Amino acid sequence: MPPAARDERRLENIVEQRVDKIAVRIVEQAAELAQRRWRGLVWLTGEAGACRHAALLLWQGGEWQSPLWVAPDAPSGLAEGDWLAPGRARTRLGGEQDLLVVDAVSPGAGFDPDAFGALAGTLRAGGLLVLMTPPDWGERPDADYARLAEYPFRPEQLTSRYLARLAGLLGAASEVIRWPVGDEPLLPLLPAQARSPVPPFGDADCLTADQAEAVARLVRQRRRRPLVITADRGRGKSAALGIACARLLAAGEAEILVTAPRPAAVESLFQRLVALCPAGQRQGLAFVLDERRVRFVAPDELTRLAREGALGGAGARLLVDEAAAIPAALLGEWLTAFPRIAFATTVHGYEGSGRGFAVRFRERLTREAPQWQGIHLSEPIRWAADDPLEGVVDRLLLLDAEPLPASSSVSTVWQRILPDELADDEPRLRALFGLLVQAHYRTTPGDLRRLLDGPGVGIGALVSDKTPVGVVLTGDEGGFDLELAERVARGERRPRGHLMAQSLAAHAGCREALTARLRRVVRIAVSASHRRGGLGRRLIEAEVARASHEGIDLLGASFGAEPGLIAFWRSLGFVTLRLGLTRETATGEHALMVARPLTEHGEALASALTVRFQRALPGLLAFELSELEPEIAAALLSEGGSPALDATDRRDVEDVAFAQREPALARPALQALVRNALAKGVLAGNEPLCLLVAWGFQGRNSEWLAVRLGVSGRREVTARLRQAAAALLASTSPTEPG
């Protein structure tokens with residue numbers, strides 16, 4: 001071997017030995033962290049190959065029981081099941097890791113905020129989270145920005161404010177182990193070890209006093225005393241539900257129903273059941289012990305069965321996990337249907353927040369069940385209360401973001417905020433993002449990246465005394481050329497982004513929605529202390545003015561169809577363009593798209609879309625949307641104008657209302673009556689009107705109507721239909737067309 005090659009090889013050996021020794025020191029520090037029930041974050045920076053080599057030394061140097069490597073591709077030498085693609089992070093919820101390597105440095109790899117947030121919470125005490133990044137992290141977008149780059153932008157054209165912010169925070173965090181590969185690592189000094197306190201409770205199944213108290217309250221819950229359990233991540237609320245289920249089954253309870261936005265959310269519940277009831281058996285989404293069982297029912301199916309009377313009623317019990325991610329309207333229905341019900345939700349979490357739940361649904365709870373009880377779990381299960389990693393992850397992803405306390409002043413000023421301003425002002429960013437977290441359960445860590453680096457993002461805020469009390473986020477869509485619009489409408493292309501424009505093209509066949517300039521309201525949030533003060537209206541009106549000035553054709557929004565939201569947007573001049581035919585899995589609601597035209601071209605486009613929608617609506621209500629809530633169906637029908645209620649129609653209605661004409665034989669006249677009443681301002685929530693909508697437009701049968709009305713038999717249902725016809729007839733003039 002030539003001398004130069006020998007020297008190079010000798011140098012490589014020295015470097016490898018040095019890296020190996022550093023890895024040993026870091027593993028030793030992990031052992032010290034474990035003694036304190038802490039977790040650590042190792043920020044590993046350097047070239048991809050060097051980072052992977054160093055991370056593998058950490059991987060091989062510790063006695064890890066459940067390590068996990070997160071990267072687009074698996075490195076060689078890992079056992080099956082030890083690698084996970086970032087997009088599958090949710091599949092590990094409910095599990096535990098003691099080493100988590102996140103690859104954001106290899107070719108094709110990038111930093112996925114949602115995956116990072118989800119998996120960080122699975123790391124148990126003594127574990128290490130190793131984040132690998134380039135040495136110049138934050139100077140340019142990484143590979144994961146491909147998911148953020150909406151057409152026509154390419155990832156490299158985007159800003160990287162978000163990554164630069166992360167790098168700055170990690171560099172300033174004294175709790176972080178910073179290891180530039182090739183240099184000495186900076187290891188944080190650990191304080192003297194404190195004695196672990198003895199748990200002040202005697203429950204062998206629970207790990208904290210908080211958890212034991214939650215279980216006790218669940219087990220002794222009385223009828224019509226709803227229980228609300230709130231907790232930050234890692235506090236064992238789902239496990240508490242499982243422990244309570246085990247004790248209720250042992251006490252002889254025949255069936256306990258469980259629901260959540262997705263089955264993965266209750267995996268911890270079933271794991272505790274299996275551990276505590278070895279005589280029982282897990283059967284998919286159910287657990288059976290003798291003749292008794294706990295079973296998971298998806299929110300939409302639960303609602304359907306409860307409305308039909310197949311679930312609920314005397315003695316029924318329902319446990320709702322991650323309640324903040326379920327529409328308040330559904331929670332309200334379950335509150336009525338189930339005498340014993342508990343709502344558990346995460347207050348600060350990687351995939352959303354329970355703050356909106358706490359603000360809005362508790363108002364309904366207090367009104368309908370004033371004797372409800374609440375408990376907050378504050379003590380962590382998987383790590384100590386002063387665990388350093390939790391604080392670092394919260395700061396990086398703003399999982400703990402809260403709005404600033406708002407002054408009592410009602411004076412507010414509208415401001416347009418640029419992402420550059422937010423990136424340079426962490427307190428302002430935290431306050432603004434805190435508003436979004438508080439108001440909307442679906443705000444995720446990925447939304448923070450979109451806020452700072454998303455193309456076409458607009459930010460408007462209402463500020464009181466320098467404190468943001470309202471915020472609206474918008475995104476620009478459309479502007480496609482004719483050829484691309486045609487290919488998208490035909491299903492041959494699907495450019496990234498442009499949710500509203502592409503949906504209208506694909507589902508309504510509207511090419512013009514792609515060529516026009518659209519602006520979609522992505523989020524709108526108002527401080528809890530300033531709600532019902534007209535700030536939401538002011539935010540939208542300010543966006544209308546800005547969009548009009550900039551030549552936008554349509555200002556639109558998409559949201560879960562709910563009567564209150566429909567009324568809000570309609571009051572601002574928005575009209576319905578489209579309604580999803582199926583309920584969204586995450587919300588249990590149909591997605592509704594509305595828009596307000598701002599130009600002549602926008603007027604023509606909105607008019608064509610609304611005429612098309614209203615023409616299709618009666619047929620959809622009779623078939624695909626037959627199970628839509630009648631209140632929502634009525635609200636949508638009210639936008640369609642009204643046929644004349646002529647003398648013949650009126651006589652047919654009178655024969656139903658005051659004589660013995662079979663209602664089915666006068667259905668067209670009763671449909672005209674409904675639309676006539678709606679056009680004249682009869683509220684969509686009016687019970688006689690909703691009854692006739694459900695029967696006349698949606699074909700609801702006598703059994704369903706009897707359950708809704710609380711009566712028995714077809715005869716009583718028919719009597720109520722006659723009364724409803726009489727009530728609506730009184731609200732219309734004899735011959736005036738609508």
Side-chain angles (χ1 to χ4, degrees), residues 81 84 87-96 118 121-122 205 214-215 218-219 227 229 236-313 315-327 330-331 333-335 337-338 340-346 349 351-352 441 582-589 627:
L84 186 74
R88 299 184 63 244
R90 286 184 178 179
T91 64
R92 294 301 179 106
L93 294 177
E96 288 190 345
T122 69
D205 296 329
V215 170
L218 285 164
V219 170
L227 179 64
I229 303 172
K237 66 171 177 54
S238 296
L241 298 180
I243 297 168
C245 285
R247 296 182 182 179
L248 290 167
L249 289 181
E253 188 140 351
E255 181 176 68
I256 303 167
L257 299 178
V258 176
T259 193
R262 58 186 65 85
V266 293
E267 186 59 29
S268 295
L269 183 155
F270 281 108
Q271 287 177 359
R272 294 305 293 153
L273 267 175
V274 170
L276 296 174
C277 300
Q281 185 179 13
R282 176 82 180 264
Q283 297 179 355
L285 295 177
F287 180 85
V288 179
L289 178 66
D290 299 328
E291 299 295 321
R292 292 152 280 160
R293 65 176 179 171
V294 176
R295 67 181 175 115
F296 175 88
V297 184
D300 53 350
E301 180 72 0
L302 178 71
T303 303
R304 183 183 68 80
L305 293 172
R307 288 170 180 171
E308 293 174 355
L311 292 180
R317 186 188 298 269
L318 175 65
L319 304 181
V320 184
D321 205 356
E322 296 304 343
I326 296 173
L330 297 190
L331 300 179
E333 288 192 45
W334 302 340
L335 182 65
F338 293 90
R340 289 184 175 86
I341 186 169
F343 304 98
T345 198
T346 305
E351 61 174 346
Y441 69 89
T582 58
R583 296 180 186 273
E584 292 187 315
T585 303
T587 66
E589 295 178 333
E627 295 187 0

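Worth saying up front: this structure is predicted, and the values here are computed from it rather than measured. Reckoned from all heavy atoms, side chains included, excluding hydrogens, waters and symmetry mates.
- Within 6.0 Å of the CD atom in Gln283, the count of heavy atoms belonging to other residues, nucleotides or ligands exceeds 12.
- Between Leu269 and Phe287 there is no side-chain heavy-atom pair separated by less than 4.5 Å.
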Practice prompt. Begin from the C-alpha positions of Leu241 and Val266 and carry the test side chain to side chain contact (heavy atoms under 4.5 Å, CB included) through to its verdict.
Written response: CA-CA 9 Å; Leu241 298 180; Val266 293; 5.8 Å; no
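- Closest non-hydrogen pair, Phe296 versus Ala260, comes out as CE1-N, 3.4 Å.
- With rounding to the nearest 0.5 Å, the separation of CZ in Arg317 from CD1 in Ile256 is 6.0 Å.
- Residues satisfying the salt bridge (Lys or Arg N to Asp or Glu O under 4.0 Å) criterion with Arg247, sequence neighbours excluded, are Asp203, Asp205.
- In terms of modelled atom types and a separation under 3.5 Å, the side chain of Thr259 and the main chain of Val297 share a donor-acceptor contact.
- Residues passing the salt bridge (Lys or Arg N to Asp or Glu O under 4.0 Å) test with Arg340, sequence neighbours excluded: none.
- In this structure, the side chains of Glu96 and Thr122 stay at 4.5 Å or more apart for every pair of heavy atoms.
- Taking each heavy atom of Ser238 and Asp321 in turn, the nearest pair found is OG-OD2, 2.5 Å.
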Worksheet item: Passes side chain to side chain contact (heavy atoms under 4.5 Å, CB included), Ile326 versus Phe343? Steps please.
Response: CA-CA 11 Å; Ile326 296 173; Phe343 304 98; over 6 Å; no
Fill in: Stepwise salt bridge (charged side-chain N to carboxylate O under 4.0 Å, His left out) check, Arg304 with Glu627
CA-CA 8 Å; Arg304 183 183 68 80; Glu627 295 187 0; 5.1 Å; no
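- Atoms CG and CD1, from Leu248 and Ile243 in turn, are 12.0 Å apart once rounded to the nearest 0.5 Å.
- With sequence neighbours excluded, the residues that form a salt bridge (Lys or Arg N to Asp or Glu O under 4.0 Å) with Arg282 are Glu267.
- The structure places CG of Leu218 at 4.0 Å from CD1 of Ile229, a figure rounded to the nearest 0.5 Å.
- Closest approach of Ala323 to Thr345, counting heavy atoms only: N-OG1, 3.6 Å.
- With contacts defined as side-chain heavy-atom distances shorter than 4.5 Å, the pair Lys237/Thr346 qualifies.
- When each of Leu289, Leu276, Val288 is checked for a side-chain contact (heavy atoms from CB on, under 4.5 Å) with Leu249, only Leu289 meets the rule.
- Looking at heavy atoms from C-beta onward, Leu257 lies out of side-chain contact with Trp334 at the 4.5 angstrom threshold.
- Looking at Thr91 and Leu84, their side chains come closer than 4.5 Å, going by heavy atoms from C-beta outward.
- Scanning both residues, Leu285 and Pro263, for their nearest heavy atoms gives CD2-CB, 3.8 Å.
- Closest heavy-atom contact between Leu330 and Arg307: CD2-NH2, 4.3 Å.
- Within the 4.5 Å cutoff, the side chain of Val294 has heavy atoms near those of the Leu273 side chain.
- Scanning all heavy atoms of the two residues, the minimum distance from Gly81 to Arg92 falls at O-NH2, 2.8 Å.
- Residues Leu318 and Leu311 form no side-chain contact, since every pair of their non-hydrogen atoms from C-beta on lies 4.5 Å or further apart.
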Discussion item. Salt bridge (charged side-chain N to carboxylate O under 4.0 Å, His left out), that's the test. Do Arg295 and Glu255 meet it? Break it down for me.
Written reply: CA-CA 8 Å; Arg295 67 181 175 115; Glu255 181 176 68; 2.8 Å; yes
